[in-house]
Amino acid sequence: MLHLTDRVEFAIHPLAKRLFTLMDEKSTNLAVAIDTTSQAELLALADLLGPEICILKTHVDILEDFTSDLGSALRDLAQKHRFLIFEDRKFADIGQTVSLQYEKGLYHIAEWADLINAHIVPGPGLIDGLKKIGKPLGRGLILIAEMSSFGTLAEGSYTKHAIELGESHRDFVLGFIALRKLSTCPGMIHFTPGVKLQPGRDALGQRYRTIEEVLGENQSDVIIVGREITHAHDPLQMAQVIRKRAWWCFYSDFLDKSIVRSNQG
Ligand code: S5P
């Protein structure tokens, strides 16, 4: 297993290099999903949790009081705390349509989100459509290879296709939403949602695994945690607990293997 700073060399996308670097510098592989319907609450939580995270994940279309200055407010916070902004838009249409959804409409996502994601159902034209808008701005795309929800159809050959598509567009795709490490390219990043301190489910099909299961056994890179943090009695304290556990898990695995390697060498 390679250290984050070694993986920087393998990353093709400049944002992947930046993410590896800031994860290492901030000692965090925690992405927080702030799924609130209030813009003020989104900004307040982003400011509070900013020091603990490498990525802030948003769902801009659930905000009931969206105003067009949200993007610049989020970018100010991203600069202050050094995290990337990931708008979880899950694009899934033909190239022409996704390019408009990404650049235009109410939200002008390309203006403020470093990262977006997409389903691969439409095929490579979707990647080209998003890339046309995002690449000149230095943005990056995450492809959805697997999902955390019960009964997902994103498995088997679908997942394999997602990995192949991503790996063949590494100038714009920097990783995957996945339940485990799937790509053998060390520059590609795996992001895993469905994480809590205890395993379980919610009432609508979300499945949760533990930090140790996701980062240890399944070798993912970044955990995406929502309600476990945002609905906690003390979100900052919970984010700190999760960040430390996740970082230890990520790092101890690396340390174990390097110790074994150096003993063998
Ligand atoms: O497969 C997925 C992909 C994503 S991006 N499963 C998910 O849960 N997500 C997102 O991660 C979801 O939209 C939500 O924003 C977050 C999980 O939130 P939690 O509250 O269940 O931790």
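All ligand and atom numbering here is 1-based and tracks the order in the structure. Just so it is clear, the values below take in all heavy atoms, side chains as well, and ignore hydrogens, waters and symmetry mates. Predicted model, so just to flag it, every value in this text is computed and none were measured.
- Under a hydrophobic-cluster definition in which Ile, Leu, Val, Met, Phe, Trp and Tyr are linked whenever side-chain heavy atoms come within less than 4.5 Å, directly or via other members, Val225 and Val241 are assigned to different clusters.
- Under 4.0 Å from ligand 1, heavy atoms of Ser148 appear from its side chain as well as its backbone.
- The single protein non-hydrogen atom nearest to atom 5 (S) of ligand 1 is Asp88 OD2, 3.0 Å, given as residue, atom name and distance.
- In summary, Lys135 and Asp128 do not engage in a salt bridge, as defined by a charged side-chain N under 4.0 Å from a carboxylate O.
- The ligand atoms of ligand 1 that sit less than 4.0 angstrom from a heavy atom of Asp35 are 14 (C), 15 (O).
- The existence of a salt bridge linking Glu212 and Arg245 is confirmed by a sub-4.0 Å separation between a basic side-chain nitrogen and an acidic carboxylate oxygen.
- Residue contact annotation: His59 has a non-hydrogen atom under 4.0 Å from ligand 1.
- Using the six-membered ring where Trp is involved, Tyr251 and His3 have ring planes that are perpendicular, over 60° apart on the 30 and 60° scheme.
- Ion pair Arg75/Glu111 not flagged as a salt bridge, since none of the NZ, NE, NH1 or NH2 atoms sits closer than 4.0 Å to an Asp/Glu carboxylate oxygen.
- What sits closest to atom 3 (C) of ligand 1 on the protein, heavy atoms only, is Pro193 CG, 3.5 Å.
- Close contacts between ligand 1 and Arg227 involve ligand atoms 19 (P), 20 (O), 21 (O), 22 (O) [criterion: under 4.0 Å to a heavy atom].
- The cluster map of Ile, Leu, Val, Met, Phe, Trp and Tyr, joined by side-chain heavy atoms under 4.5 Å apart, puts Leu179 and Ile144 in different clusters.
- Looking at Asn117 next to ligand 1, no N or O pair under 3.5 Å apart turns up.
- At least one heavy atom of Lys57 lies less than 4.0 angstrom from ligand 1.
- Taking every non-hydrogen atom of Gln206 and a distance limit under 4.0 Å, the qualifying atoms of ligand 1 come out as 7 (C), 8 (O), 17 (C), 21 (O).
- Counting only residues at least two apart or in different chains, salt bridge (Lys or Arg N to Asp or Glu O under 4.0 Å) contacts with residues 81-92 comprise Glu25-Arg82, Lys57-Asp88, Asp88-Lys90.
- Distance from atom 22 (O) of ligand 1 to its nearest protein heavy atom, with residue and atom name: Gly226 N, 2.9 Å.
- Within the 4.0 Å heavy-atom cutoff, Tyr208 counts among the residues contacting ligand 1.
- For ligand 1, the atoms closer than 4.0 angstrom to any heavy atom of Lys90 are 3 (C), 4 (C), 5 (S), 13 (O).
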Taking distance alone, no hydrogens or angles, what donor-acceptor pairs closer than 3.5 Å link side-chain atoms of residues 119-127 to residues at least two apart or in another chain?
none

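- Side-chain contact between Ile116 and Tyr102: present, with at least one pair of heavy atoms (C-beta onward) separated by less than 4.5 Å.
- Counting heavy atoms under 4.0 Å from ligand 1, residue Met147 touches it through both backbone and side chain.
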